[in-house]
Amino acid sequence: GAVVSQHPSWVICKSGTSVKIECRSLDFQATTMFWYRQFPKQSLMLMATSNEGSKATYEQGVEKDKFLINHASLTLSTLTVTSAHPEDSSFYICSAPDRLSSYNEQFFGPGTRLTVL
Amino acid sequence: GESVGLHLPTLSVQEGDNSIINCAYSNSASDYFIWYKQESGKGPQFIIDIRSNMDKRQGQRVTVLLNKTVKHLSLQIAATQPGDSAVYFCAETPVSGYSTLTFGKGTMLLVSP
């Protein structure tokens, strides 16, 4: 099946700094990618939909100026957490649908564990 | 907003038993349902899916049942193995491409040897 990677797999940063997380579709092109956030023992919550060549669509309650999304190519979307604070510590997961799969099946990345000190 | 929910947060079974994980959904417009397995520290892994025009679909050791009348979805795992221990999520989406997924709360499955 299609493969989605994320980098880094984990990151620790100081409060107030910015962190960039990359999501790549390795063997297929993705005009759309999705970013999720998952707190411990909770479900995945959709943060935003990343669209190649256009602005991302953010879910209600997600600050677009804090979570910057750039989908510069058909295989790469980046999520930048700006001025990170401890409450931003979470597991961030991206996914990408593969046009060639049934029902545009979404393939998930392995996640990025962000810890803000 | 509408959401997908689960009845059991934790399910403990013995190796070799059959497991049943349930999910209730509320969006009657959903047309496509997926079960995911998530191991600790990893991203969700696709298990099996089902369209709303079906009521049952079988895979290898797994079966998904869909009851649209009561908006209920279940995942059956036959001969559960320790490697099946993980959190299982159901997810729903309207049909058509690039639709967003709405995830249920998740059920932790613990399989004892």
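Residue numbers start from 1 in every chain, and the chains themselves are labelled A, B, ... in the order their sequence lines are given, proteins ahead of strands.
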Between Gln38(B) and chain A, which part of the residue has a heavy atom less than 4.5 Å away: side chain, backbone, both or neither? side chain
Is the shortest distance from a Lys or Arg side-chain nitrogen in Lys68(B) or Asp55(B) to a carboxylate oxygen in the other one below 4.0 Å? no
Which residues, ordered by chain and number, are linked to Leu114(A) in its hydrophobic cluster, where ILVMFWY side chains connect at heavy-atom gaps below 4.5 Å, directly or through other members? Val11(A), Val19(A), Ile21(A), Trp35(A), Met47(A), Tyr58(A), Val62(A), Phe67(A), Ile69(A), Leu79(A), Val81(A), Tyr92(A), Val116(A)
Taking side-chain hydrogen bond (donor to acceptor under 3.5 Å, both in side chains) as the test, write out the residues that go with Glu52(A), two or more places apart. none
In residues 37-44 of chain A, which residues are in contact with chain B at a heavy-atom separation under 4.5 Å? Gln38(A), Gln42(A), Ser43(A), Leu44(A)
Is the gap between the ring centers of Tyr36(A) and Phe108(A) under 6.0 Å? yes
Thr78(A) meets the side-chain hydrogen bond (donor to acceptor under 3.5 Å, both in side chains) criterion, sequence neighbours left out, with none
Whatever's closer than 4.5 Å to a heavy atom in chain A on Leu101(B) counts as both
Given side chains that start at C-beta, do those of Asn27(B) and Thr102(B) come closer than 4.5 Å, heavy atoms only? no
Glu22(A)/Arg24(A) salt bridge by N-O under 4.0 Å criterion: yes
